[in-house]
Every structure is written in C-alpha cells, then in structure tokens.
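Just below is one structure, and these are the notes that go with it.
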Amino acid sequence: ISDAVQVTAKAFHTCALRSGGSVSCWGKNDSGELGDGTTESSQVPVAVAGIDDALQVAVGQDFTCVLRDGGSVVCWGAATYGRLGNGSDTGIQLTPAAVSGVNDAIQVECGAYFACALRATGSVACWGYNQYGTLGDNSTTTRITPVAVSNLSDAKQIAVGVFNTCALRQSGAVACWGNGNYGRLGNGTTSGSSLVPTAVTGLTDALQVTMGHNHGCALRANGSVVCWGYSYAGVLGNGTEEETASTPTAVSNLTDATQISAKSNHTCAWTENGDLVCWGQNNVGQVGNGTRTNALTPTTVVGL
C-alpha cells in the first residue's frame, strides 16, 4: 500500500481507500468482510471486488461499507440484523451489494451491527440493529433497509459508536441518540436510551464529532476538545479515571486541535503543528508514547 488516501479499522479487519478509487482490506474474513469473494482471512491487503469509484470506506463488526462516486452506498460481510441495508438479515455477502434507496450519500459510518449514511440534503438514514434506538427513528425495531433519523435535516457530519450515533449540525450543535448509559449522549443523563436525536448539553460551536465505545468527543472552533461519557482508563482526557461525565468536559492542555478520532477506549487529536496526541487506555501501547501506562491527559505520539 503506497497510494492510500484513507484508512479505517474496527476490531478485526482494516481497509484502505486507494487514490484510484479501489479499496483493499486485510484481517479477519469469516463473514466475507474483506469483500474479495472469499471467507479466507488475509494477513496482507486484498482488493475488494468490483470497486473502482470509492470515495470513502467504513468498517463495522464483521461488515464493511463504501460510499461510491455518485452517492450510492454498497456493503458486504455479515447480514445479521440487516446491517448491510439490502433487505436481508441472514447469511453473508461476499462482495459489495447496494444499500436500498440510498443514492445521494456524502458520508457513511458503521457501528457494531448498524450503519448510517449522511445524505446531501442534511438528513441521515440508518439501518441494522436498533435495540437501543441506534437508528434514531423513534423505535427499537431492527431495520433491514434504511430509515430516516427523526427530526434531523441539517446534519453535516455523523459519527457512530457501538450502540449510539451523533450528528454535527450546521449550527455547530451536536445531537446524539441511542444507548445513553455512562453519559454517552452528553445530554446530562447517565442511563436509558434516546430513540431520537437529543442535544449535547452546551455545545454550540463544534467542527467535528467522534465516538468511542462509551464516550464521545467534539472538536470546537477554538481548537479545544471536549468529551463526555465514561472515563475508563482516562479516555475523556481530563485527568480523571473511572468516572462519568454526562455533559461535555474539556480535554486538558489541548487548545490547537484540528482533527480528532476516538475508538473503543482511547482518543487522538491532530494538532496545528503536525503532532499527534492521544490519551486513554494504553495497555498495548495504543497511545503511542513509548509506554503501556494509561494516559489521563493528552500525550504526544513518539516519532510522528
């Protein structure tokens, strides 16, 4: 891989979007999530079949989706819970298949067993697992084809966690829905679910939102970052550990961020000077600072 323009990963597989519009994936392939027409796992990248016009790639739990030039979305891998959005909820799909009724997408994101697409109109469509209201359609009914998120017509970016979703609105506000345990929704509650979008408290100037396992973070217009949810291993970056923040709390000593990304229990930010800083769980070195000690506040990735 020497021509990648985007890379994304989940628990057991990784995919790269290449400059010509093709996609290559590697890792676990029991459900066909690598998209090469087989169920053979691969330790090196393999080409996704029939994709030469991709604009973005997203990976979920045992499945993968691609936004194609023109606005359509295709997915492949495990069909359980309708996560492929093609009308099926059983078996596996070894090569890309079209998501039903989506032809104007500008972003696609995958959660554990569901996915969402941001449409050019500012609305959001989601499909798949919905027990906690992760699809935002005011129900807990699993959907095998896309449904519209309720009361949302001005989104400009979306982010998904394991069982919850957030949207950045044109105004700079952020709205979240789904599983609200541990303060994941940032709306002042620490339990229950929201079946429709609910505003993150006090956040009006966000430029980007990202979601981890039990937390969310937003990049603000002034370069600061705020996070909310469960501070397992310091993932909120505010110096605390094993605490819950039901509303946004400032990440310590970070005032010049330009991009953020969260995964299960750690978060990273790209800063104006080109440094990458990370914080949170570090048991296998995921913070990149040369140690295996959890980082409760941002720490610089070594040599990058």
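Residues: numbered from 1 along the sequence shown.
- Counting heavy atoms from C-beta on, the side chains of Val108 and Gln56 come closer than 4.5 Å.
- Taking the side chain as every heavy atom from C-beta outward, Glu109 and Ile158 approach each other to under 4.5 Å.
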Would you mind writing out the side-chain donor-acceptor pairs for residues 130-137 within the sub-3.5 Å range, not counting sequence neighbours?
from, atom 1, to, atom 2, distance (Å)
Asn130, OD1, Thr134, N, 3.1
Asn130, OD1, Leu135, N, 2.9
Asn130, ND2, Asp137, OD1, 3.2
Asn130, ND2, Ser139, O, 3.0
Asn130, ND2, Ser139, OG, 3.2
Asn130, ND2, Thr141, O, 3.0
Gln131, OE1, Tyr129, OH, 2.3
Thr134, OG1, Tyr129, O, 2.5
Asp137, OD1, Ser139, N, 3.4
Asp137, OD1, Ser139, OG, 2.9
Asp137, OD2, Ser139, OG, 3.1
Asp137, OD2, Arg143, NE, 2.9
Asp137, OD2, Arg143, NH2, 2.9

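- Applying the ring-ring contact (aromatic ring centres under 6.0 Å, His included) test to pairs two or more places apart or on separate chains, those with a residue in residues 212-249 are Tyr182-Tyr230.
- Listed by chain and residue number, Arg119 satisfy the side chain to side chain donor-acceptor pair (under 3.5 Å) test with Asp104 (two or more places apart in sequence, or in another chain).
- At least one side-chain heavy atom of Gln61 sits under 4.5 Å from a side-chain heavy atom of Phe12.
- Every salt bridge (Lys or Arg N to Asp or Glu O under 4.0 Å) that Asp205 has, sequence neighbours left out, goes to Arg220.
- With contacts defined as side-chain heavy-atom distances shorter than 4.5 Å, the pair Cys217/Thr210 qualifies.
- Here the NZ-CG distance, from Lys156 to Leu168, works out to 5.0 Å after rounding to the nearest 0.5 Å.
- With contacts defined as side-chain heavy-atom distances shorter than 4.5 Å, the pair Cys116/Leu118 does not qualify.
- When atom types are taken as modelled, the side chain of Thr258 and the backbone of Trp270 share a donor-acceptor pair closer than 3.5 angstrom.
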Check: residues 274-295 side-chain donor-acceptor pairs under 3.5 Å, at least two apart:
from, atom 1, to, atom 2, distance (Å)
Asp275, OD2, Asn273, ND2, 3.3
Trp279, NE1, Val235, O, 2.9
Gln281, OE1, Asn265, ND2, 3.3
Gln281, NE2, Asn283, OD1, 3.4
Asn282, OD1, Gln286, N, 3.1
Asn282, OD1, Val287, N, 2.8
Asn282, ND2, Asn289, OD1, 3.3
Asn282, ND2, Thr291, O, 2.9
Asn282, ND2, Thr291, OG1, 3.2
Asn282, ND2, Thr293, O, 3.0
Asn283, OD1, Gln286, NE2, 3.1
Gln286, OE1, Asn283, N, 3.3
Gln286, OE1, Val284, N, 2.9
Gln286, NE2, Gln281, O, 3.3
Asn289, OD1, Thr291, N, 3.2
Asn289, OD1, Thr291, OG1, 3.0
Asn289, ND2, Thr299, OG1, 3.4
Thr291, OG1, Thr293, N, 3.2
Asn294, OD1, Asn282, N, 2.9
Asn294, ND2, Glu241, OE2, 3.4

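- Considering every non-hydrogen atom in both Gln157 and Gln107, the closest pair reads CA-OE1, 3.5 Å.
- Side chains of Asp36 and Thr38: a donor on one and an acceptor on the other come within 3.5 Å.
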Name every donor-acceptor pair, under 3.5 Å, that has one atom in a side chain of residues 64-78 and the other anywhere in the protein, sequence neighbours excluded.
from, atom 1, to, atom 2, distance (Å)
Thr64, OG1, His13, NE2, 2.9
Thr64, OG1, Glu33, O, 2.8
Arg68, NE, Asp53, OD1, 2.8
Arg68, NE, Asp53, OD2, 3.4
Arg68, NH2, Gly50, O, 3.3
Arg68, NH2, Asp53, OD1, 3.1
Trp76, NE1, Glu33, O, 2.8

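- Val23 and Val7 fall into different hydrophobic clusters, defined by Ile, Leu, Val, Met, Phe, Trp and Tyr side-chain heavy atoms under 4.5 Å apart, directly or through other members.
- Crowding of Gln43 atom CD: a count of heavy atoms from other residues, nucleotides or ligands under 6.0 Å not exceeding 12.
- How far CG of Leu236 is from OG1 of Thr267: 7.5 Å, rounded to the nearest 0.5 Å.
- Among residues two or more places apart in sequence or in another chain, the salt bridge (Lys or Arg N to Asp or Glu O under 4.0 Å) test is passed with Asp256 by none.
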Stepwise side-chain hydrogen bond (donor to acceptor under 3.5 Å, both in side chains) check, Ser231 with Thr240: CA-CA 7 Å; Ser231 187; Thr240 67; 3.3 Å; yes

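- With sequence neighbours left out, Thr14 forms a side chain to side chain donor-acceptor pair (under 3.5 Å) with no residue at all.
- The CG atom of Asn29 sits 5.5 Å away from the OG atom of Ser41 when rounded to the nearest 0.5 Å.
- Take Arg83 and apply the side chain to side chain donor-acceptor pair (under 3.5 Å) test, not counting sequence neighbours, and it matches no residue.
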Per-pair distances, 0.1 Å, donor-acceptor, side chain in residues 196-204, under 3.5 Å, sequence neighbours excluded:
from, atom 1, to, atom 2, distance (Å)
Thr201, OG1, Gly186, O, 3.4

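- At least one side-chain heavy atom of Gln6 sits less than 4.5 Å from a side-chain heavy atom of Val57.
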Worked check of side chain to side chain contact (heavy atoms under 4.5 Å, CB included) between Leu17 and Cys15: CA-CA 7 Å; Leu17 170 63; Cys15 293; over 6 Å; no

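- Residues Thr190 and Thr244 form a side-chain contact, since some pair of their non-hydrogen atoms from C-beta on lies under 4.5 Å apart.
- Contact record, Thr249 with Ala245: CG2-CB, 4.0 Å, taken as the closest heavy-atom pair.
- Residue Pro146 comes nearest to Val99 through the heavy atom pair CG-CG1, 3.4 Å, listed as atom of the first residue, atom of the second, then distance.
- One N or O on the side chain of Lys10 and one on the backbone of Cys110 form a donor-acceptor pair closer than 3.5 Å.
- Taken to the nearest 0.5 Å, the OG atom of Ser191 stands 11.5 Å off from the CZ atom of Arg184.
- In this structure, the side chains of Trp177 and Leu152 come closer than 4.5 Å at one or more pairs of heavy atoms.
- Evaluation of the side-chain hydrogen bond (donor to acceptor under 3.5 Å, both in side chains) test over residues 145-155, restricted to residues two or more places apart or in two chains, returns Asp154-Arg169.
- With hydrophobic clusters built from ILVMFWY side chains whose heavy atoms lie under 4.5 angstrom apart, Val174 does not share a cluster with Leu207.
- Considering only residues two or more places apart in sequence or on other chains, Thr140 meets the side-chain contact (heavy atoms from CB on, under 4.5 Å) condition with Leu195.
- Here the straight-line distance linking atom CE of Met211 with atom OG of Ser264 works out to 13.0 Å at 0.5 Å rounding.
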